[in-house]
Amino acid sequence: MNTGAHVSSATRHENIVEEADAATWVSDGMILAIGDPAPMAMIRQIIRRGVKELTVVGSGLALDLLIAAGCVRRTMAYYVGGGSGGAVAPSFRRAAEQGEIEVWECEEGILTTGLRAAAQGLPFLPWRGGVGTSLPEVNPDLKVIVDPIKGQTLIAVPAIEPDVAILHAAVSDAYGNVQHCGGPGWLDLFLQRAADRTIVQVEKIISNEEIRANPWATTIARADAVVRAPYGAHPFYSRGYYVQDRAFTRLYVEAASAAASSEDRSLLDHFLARYVYEPQTHGDYLEAVGVKQLIALYEY
Amino acid sequence: MNTGAHVSSATRHENIVEEADAATWVSDGMILAIGDPAPMAMIRQIIRRGVKELTVVGSGLALDLLIAAGCVRRTMAYYVGGGSGGAVAPSFRRAAEQGEIEVWECEEGILTTGLRAAAQGLPFLPWRGGVGTSLPEVNPDLKVIVDPIKGQTLIAVPAIEPDVAILHAAVSDAYGNVQHCGGPGWLDLFLQRAADRTIVQVEKIISNEEIRANPWATTIARADAVVRAPYGAHPFYSRGYYVQDRAFTRLYVEAASAAASSEDRSLLDHFLARYVYEPQTHGDYLEAVGVKQLIALYEY
Amino acid sequence: MANDNAAEGQSGPFDPTTASRQEIMATFLANDLEDGEILQIGAAMPVGEVAVRLAHFSHGPNMELIFIGARMNAAHLDVLPTPEFGWDRRTVRWAESYSDTGHRFDRVKDWHRRVFFVGGVQVDPYGNTNLIGVGDDHRRLRFRGPGSVGTSTLATLVGRYHIVLNSHTARTFVPRCDFVSAYGWGQGGADARTKLGLPGGGPKYCVTPLGVMDFAPDTKRMRLRSRHPGVSVEEIQANTGFDLDVGREVPTTPLPTPAQLEIIRTRADRRGALRH
Amino acid sequence: MANDNAAEGQSGPFDPTTASRQEIMATFLANDLEDGEILQIGAAMPVGEVAVRLAHFSHGPNMELIFIGARMNAAHLDVLPTPEFGWDRRTVRWAESYSDTGHRFDRVKDWHRRVFFVGGVQVDPYGNTNLIGVGDDHRRLRFRGPGSVGTSTLATLVGRYHIVLNSHTARTFVPRCDFVSAYGWGQGGADARTKLGLPGGGPKYCVTPLGVMDFAPDTKRMRLRSRHPGVSVEEIQANTGFDLDVGREVPTTPLPTPAQLEIIRTRADRRGALRH
């Protein structure tokens, strides 16, 4: 309790954080959740920092890049497809087949259930999807239970509690009131609710007045940090801003596929050097990609 | 399976239903869920039909009116306040004290959990809120359980599955794509998801093109029926249209309080006759209220 | 700071000695609230509402206020009207977000920063409260209460809460609640909540028009912490249906400072709901 | 109706004999879909996508199509482009609602009207499918699959589903899946699903570039229902890693009518994804 009466002239704190500072929230061994659209500016910064042994709740090529860069010990993913480049993302496939990463085998309904349990402060939630499958066999954290009311067979999913969730969105005010354009990403709100802390990188910071003009559009109230990252989802899409850069993702898939199949990492290492390690900041990255390529991606 | 190839010229069915027809969806003994803002046009029509023995998932004075009219056998409510008229709604209070209705004692988190279980096709969901309280004692449907993952004490809430949910909203297209103004009501989306069928009464039907201009604003996709009911939440509020008619609700609370405390139902019967039984349609009801009173309620 | 206005003193337009008991209650609660906390305010809780606004305007620019589904921060505004229109659209006039789109209780992770106020038709020595009703038989209550609202869940999970009552009588302060809708400290003892695995911090204060109670750290039994100006210990005990633990000396509940009273009367409670 | 266009006959611009195998697959699936059903379409499932559009444009004006989170009805439109842009904003161009605001799987009550298509790296005689991978040891798979996506849940709950595969080989059609990600008919038997309490209707057809399989009502073992034009029973059996139940006479999978082929080529598959 505050002792006695006080009238303070302190003002409201802003939640804008620089990308390098926000990346320090993620450290070795943590559970990191990454949203879709993928928060690539932050992911590149985390790779640059050399974070290791992450458990990643994520999917697709963004997760694959983290694996390719050696940051991942365990995946919690229901789908790691290769985009247009193939049925399975190449680095994920190779690392899983070699036993270099552990796959916490799950499925969309099950992952959602575990995230919801964490968000609701519950040790578990039950789910029916997956009864009869191999999922509880290959993932011993999933328990087959008999429900206490009607005696039905269900799967008890433990709470999945990321230390940090990182998302990409359209806009936020300085206080972390985030508004998506075209709806929040697939699991993003589940990730945000389940995580201890959430960082949202946004295309643009807008005024608090603009947020208050339509509070119903606010999808995340008070994200713990917002990071300014125009084009920050590149090479993936950002609704209302740009579409996926398919030529660029193909470049990655080719490099990663070569590394996975032939054990020749030279193309992949070149890719990582050019687009991840050498740029010191997100701005440097965008320079490497080039503004002509960026503006060619505008939605129409 | 359809036998063989077929190309049909049939067109899309509209979901607009007349209030009298929609009310036939509710019959004796059903579980009826009513939203907030209260779908009063439909509630008055249901009372007119003389439906009995309902279990009502609802709250406040709308529920109280159904009790006053003798339609209710059991309530599933977390709060039945008397609005500005008192701490407890009068007809609910009297009927519960006399044992004329059964109260399925619950709480907001618990009710929400039971509705979610129904919506997710699960026999139960666990919830922590209420551990240590009298709720599991006075409501034997709530089971205190030990969770199968961490051994914590939780409450297993059975699925709450309304036969019909009736809601009030701003607009819909003819196909039941509903858009609220200013956010959906408190539990409305939980009710809709849990119910077998949903009727939404709306201030106005708008074109499908208007809906498609902003699909993210659609709060209920394909309600089973939409009923045209301008001013249909009167005497309660309808966001974006009108505020609560406090003089009118006071009239009701006075009449119902008199009936509850003195066993003299004359004021209440007069109220019910004038505003529920005598108007044959929602239009008749609005004539009884008067357009001057209605337009005085416009939001500003 | 508060003392900046001390020069206006006791005889100024915001003379602390003119504070009503409800204004004193609101000030006490406001002083407990810390910047950055999340305040959930229920309907028909004018003392709590004003307390939250006073704290927000005086020392809580990072507080988040949740009225019904509307989450707002109004530290930059000169005034924040009471949402007198209930659940109609204007409740969200100052909102930055609206949480009520079908996923309530879907993020309780920050509820350790959340504070709320609970009422009751009964409260017992261990801060358990009852909104269900009074009587022996749940199927035929002598007095049917309004129902538990969201208090069972909130009391389970929030960082702390305060019991705020509009009246202080032996009918309300009972040795044992007929029914418990919000679990406070159970049968007492410092482990009353942890042994049930309840993450929330439980009730901290019980504030009434007569005084302020808290709970002894070891037994968690209710004790008298302060009496409002003009109220005697005897009056409080006589209106409490169980033995209150009373220390050797019971201080008077602090009055608002002139600066606080100015905020209450000009910004936090413009309609004067607490004035009398 | 279909026969209205029969006069255009076999030599018209939409001559059924020019239908590709994928167009035949899509037509077969479309004929199974009924008006009023809800079709959930996964990414990278061109045959299923075209089947759904063909049904929607030909006989399903009350179907609801769900692409990713976007729910649409496009019966009034002349053409519906494939959402080739994945999850970017244009996917919802024709949508009437967008379900993906944090409450997915929060209404499965109408899923008995929902139909979807599932793929797999393995399928067994009882329609169990595997997207996890191939090998003995889950920790070191010989082939790591992409993961179960949402198929475990959908297969549990939807009214029925169809297994749709891009290739038909003995490597895919195996006596027993190494892992099961979507439970079909388990170990067989009419009660294979009810005994586990699974509300969904299970897999109905398995459609491949060679033919169409279904499941015997009593044993739920896969049997050959039809072979596509130009494919022999022997070819199908040789490419299936277990004994397929084969009836005395195996009919040819019906060709699209000219009217159906016209819809496919001019409206449902304008980009010609299935043409070859």
Side-chain angles (χ1 to χ4, degrees), chain A residues 36-37 59 77-84 87-89 92-99 102-103 105-110 112-113 127-135 137-139 152-154 181-190 192-193 219 236-240 242-244 299-300, chain D residues 43-44 68-70 85-92 98-106 108 119 121 128-133 135 137-157 177-184 186 192-193 195-200:
Chain A
D36 192 317
S59 62
Y78 61 88
Y79 179 61
V80 195
S84 47
V88 189
F92 166 76
R93 179 179 164 186
R94 181 193 173 282
E97 290 173 358
Q98 302 294 315
E102 183 189 334
V103 177
E105 196 74 46
C106 63
E107 187 259 0
E108 191 181 351
I110 288 172
T112 305
T113 297
W127 191 242
R128 199 191 299 275
V131 167
T133 70
S134 306
L135 291 168
E137 290 159 31
V138 299
N139 182 344
Q152 299 178 1
T153 302
L154 301 171
C181 173
W186 202 232
L187 277 190
D188 284 20
L189 297 189
F190 288 89
Q192 181 260 331
R193 293 179 193 138
T219 42
F236 303 107
Y237 70 93
S238 177
R239 286 182 186 153
Y242 42 88
V243 300
Q244 183 166 337
E299 274 195 353
Y300 59 91
Chain D
I68 305 179
F85 302 101
W87 291 4
D88 78 34
R89 193 177 181 187
R90 283 168 294 179
T91 304
V92 297
Y98 184 76
S99 66
D100 186 26
T101 47
H103 42 77
R104 194 165 27 259
F105 302 142
D106 262 4
V108 305
V121 298
N128 305 298
T129 48
N130 171 12
L131 284 165
I132 294 172
D137 178 4
H138 178 258
R139 302 174 69 88
R140 273 187 98 93
L141 295 170
R142 284 203 311 281
F143 169 70
R144 171 67 230 189
S148 305
V149 209
T151 61
S152 316
T153 293
L154 283 156
T156 300
L157 295 170
C177 290
D178 292 345
F179 305 95
V180 173
S181 47
Y183 182 91
R193 295 180 63 89
K195 73 183 178 191
L196 290 183
L198 305 181

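Below, read A as the first sequence line, B as the second, and so on, with proteins coming before strands; counting in each chain starts at 1.
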Note to self: How close do A/P184 and D/Y98 get, counting heavy atoms only, and between which atoms?
What the structure shows: O-OH, 3.5 Å
Next item on the list: Sort out for me which of D/T156, D/L141, D/V149 touches chain A most, counting heavy-atom pairs under 4.5 Å.
Entry: D/V149
Next item on the list: Look up atom NE2 in D/H138 and atom CG in A/N139, then write down how far apart they are to the nearest 0.5 Å.
Entry: 8.0 Å
Next item on the list: Would you mind reporting whether D/N128 and A/T133 have side-chain heavy atoms less than 4.5 Å apart?
Entry: no
Checklist line | Winner by heavy-atom pair count (cut-off under 4.5 Å) against chain D, out of A/Q152, A/R128, A/E137, A/Q192 | finding: A/R128
Notebook entry, point to check: Roughly how far, to the nearest 0.5 Å, is the OG atom of D/S152 from the CD1 atom of A/I110?
Noted result: 5.5 Å
Margin query: If you define the side chain from C-beta out and look only at heavy atoms, does anything of D/P146 sit under 4.5 Å from A/Y79?
Written below: yes
Next item on the list: Return the minimal non-hydrogen interatomic distance between A/T153 and D/L196, and the atom names on each side.
Entry: CB-O, 4.4 Å
Item checked: Atom group of A/A96 that falls short of 4.5 Å from chain D, counting heavy atoms -> both
Note to self: Tell me whether D/R144 contacts the main-chain N or O of A/V88 through its side chain, where contact means a donor paired with an acceptor under 3.5 Å.
What the structure shows: no
Next item on the list: State the CG-CZ distance between A/L189 and D/R104, to the nearest 0.5 angstrom.
Entry: 9.5 Å
Note to self: Are the side chains of A/E97 and D/R142 in contact, using a 4.5 Å heavy-atom criterion?
What the structure shows: no
Next item on the list: Side-chain contact test, heavy atoms from C-beta onward, threshold under 4.5 Å: evaluate it for A/V131 versus D/L198 and give yes or no.
Entry: yes
Notebook entry, point to check: If only atom types and distance count, is the side chain of A/E107 paired as donor or acceptor with the main-chain N or O of D/T153 below 3.5 Å?
Noted result: yes
